[in-house]
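Contents: one structure, followed by commentary.
The residues of the chain are indexed from 1 along the displayed sequence. From a predicted model like this one, the values you see are computed outputs, not experimental measurements. We count ligands from 1, going down the list as the structure has it; atoms in each ligand are counted the same way.
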Amino acid sequence: MFIRFALTAELHFNRDLTPEAVEAVGEAVQDANTLLFRKGVPADATDEEVGRITSYAVTGAVLRLEIVSGPYTRAHDALFRFRKEVAQKLGRHHLGLRNIVVTSFRIRIPGPVPESAVPRIPFITSADHHDDAVDLVLDLSAADLENRVPDRIVRLVQEKVAAQEYGGKGEHWELISESSRRERVYDGDPTQEMIRRRWIKHGASRGQWIFGPQAVEIFRAVERLVLDEIIKPLGFSEMIFPKLVPWEVWMRSGHAKGVYPEIYYVCTPKTRDPSYWEDIADYYKVTGTVPVDQIRERLDGPVGGMCYAQCPPFWPFVQGETLANDCLPIRVFDRSGTSHRYESGGIHGIERVDEFHRIEILWLGTREQTIATASRLHDLYTRLFEDVLELEWRCAKVTPWFMAQEGMVGESSDAEIGTRDYEACLPYNGSWLEFQNVSVNGDKYPKGFNVKIQSGEECWSGCSGIGLERWTAVLLAQKGFDRANWPERLARLVSEPEEVFRFL
Ligand code: SER
Ligand code: ZN
């Protein structure tokens, strides 16, 4: 069983076809079926597997075609190959092709395809499920066909089938290395203890915290350690990445394929004319209620969302450029703002929140340079967790973050590409918390943003996210609040808590 396509289309010409023109069409069909559609097709492909025109009819100025195919020279590709040919041939008869109307388009995708694997998009008008295939009827224009929508629909269905098959196996997770067990000195939940000490308090928005001076001292101590132990030794330079991410960036980064349930969407006013907004402000002034529904009607967008993965909005800086060999590998980092994820039910303590702080490290260069930087990072992180912070940690290979964020499961096809998470044990509940990752992202980003390197070698990139909330949760969960139990370097970076607020 192989994939099958079938379409009918009308080619509309500027005037009626003459008998000579009809004859030319017949020749063109013959040519197409025997030669044109065979181009680039494996020699052993059967007739059934290759695109062919099964019937044609001329009525006045309209040429009606029926085309079927298997996987080679798919019916829609055949249509456009034939269009070029026939337009040329009929041009000689002073006939011009006006437009193409697709009157039907069907695809049969083999294999058991569950209903849930067929996307609910307006192009698909019906889906007929059989034990060994699904028949799709599509409503597509000629422009959709030229834009390869059928091929994308097929790929999407196949991806959904694969994801559901893989889904049963759960997320990819494979242990790479781990520390020895450490002596337990504390068994409390650091979030609860910080709340009790008034170091932090829930912000007014969901999944958001206000961090008081003592908590921020720990954040800054973490940053200091990362700067001294990782960023400076490897020579990363600081940049500031934007924190409002437009669709253009997420289309190139792949996030437009899957991140919708977790975005904090951003809208702009339809106009900044104060008179357009005056009644909204007045309504609030007299009622004390913000008229959210009315505001919604006066907004454009969403134009995109708040920073989600931190590194994608870096890429327009190098988009469309060719990088000189001698500046590679490029190593930069950003710590200029928050990331936002709509976490729904998953919010927990400071570990899982809607708004969080992170240092994002990013590097790019040749494949070798990119892999080498990741491996240097692993060495330095390991030293930091093991010798400096004396943590109980483990490192695991997981589904690459960029695949997970596109809604994909499984592993990357190239063993060098992927994400390793560092996880630390939380003694208070016995779970492991992912607090750090290192990823080799392959050529995904350079390709998506069209970045090349001078030598012509493939450009690769990698990134590593350091979550300040999570590092703090891990440090306090394992080391507690008594600084006498803290690793010396950390204790030195954090001063004795000072009472900045006193509540009566
Ligand atoms: N950009 C990566 C992520 O979002 C690493 O921080 O997971
Ligand atoms: Zn990243």
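Contacts between R358 and ligand 1, counted as non-hydrogen atom pairs separated by less than 4.0 Å, involve the side chain only.
Between H357 and F219, the ring planes lie tilted relative to each other; the angle falls in the 30° to 60° range.
When the heavy-atom distances from atom 6 (O) of ligand 1 to E360, H255, R341, Q436 are ranked, the shortest goes to E360.
With salt bridges taken as basic N to acidic carboxylate O contacts below 4.0 Å, none links E390 and R182. Ion pairing between a basic and an acidic side chain is recognised when a charged N comes within 4.0 Å of a carboxylate O; R341 and D354 show no such pairing. For the pair E229 and R489, the salt-bridge criterion is met [side-chain N within less than 4.0 Å of a carboxylate O].
Heavy-atom proximity to Q405, at under 4.0 Å, picks out these atoms of ligand 1: 3 (C), 4 (O), 7 (O). The atoms of ligand 1 that sit less than 4.0 Å from any heavy atom of C463 are 1 (N), 2 (C), 5 (C). Listed by number with element, the atoms of ligand 1 under 4.0 Å from a non-hydrogen atom of G465 are 5 (C), 6 (O).
For atom 7 (O) of ligand 1, the closest non-hydrogen atom of the protein is N437 ND2, 3.5 Å. Nearest protein heavy-atom contact of atom 1 (N) of ligand 1 is A309 O, 2.8 Å.
The distance criterion of under 3.5 Å between nitrogen or oxygen atoms is not met by C311 with respect to ligand 1.
The cationic group of R108 does not satisfy the cation-pi geometry with F5, failing either the under 6.0 Å distance to the six-membered ring centre or the 45° limit from the ring axis.
Looking only at its N/O/S atoms, E360 has OE2 as the one nearest to the Zn ion (ligand 2).
Among the candidates E469, Q310, Q436, the single residue satisfying the side chain to side chain donor-acceptor pair (under 3.5 Å) test with R358 is Q310.
Here the angle at the Zn ion (ligand 2) defined by SG in C311 and SG in C463 stands at 120°, rounded to 10 degrees.
Counting heavy atoms from C-beta on, the side chains of L377 and L380 never come closer than 4.5 Å.
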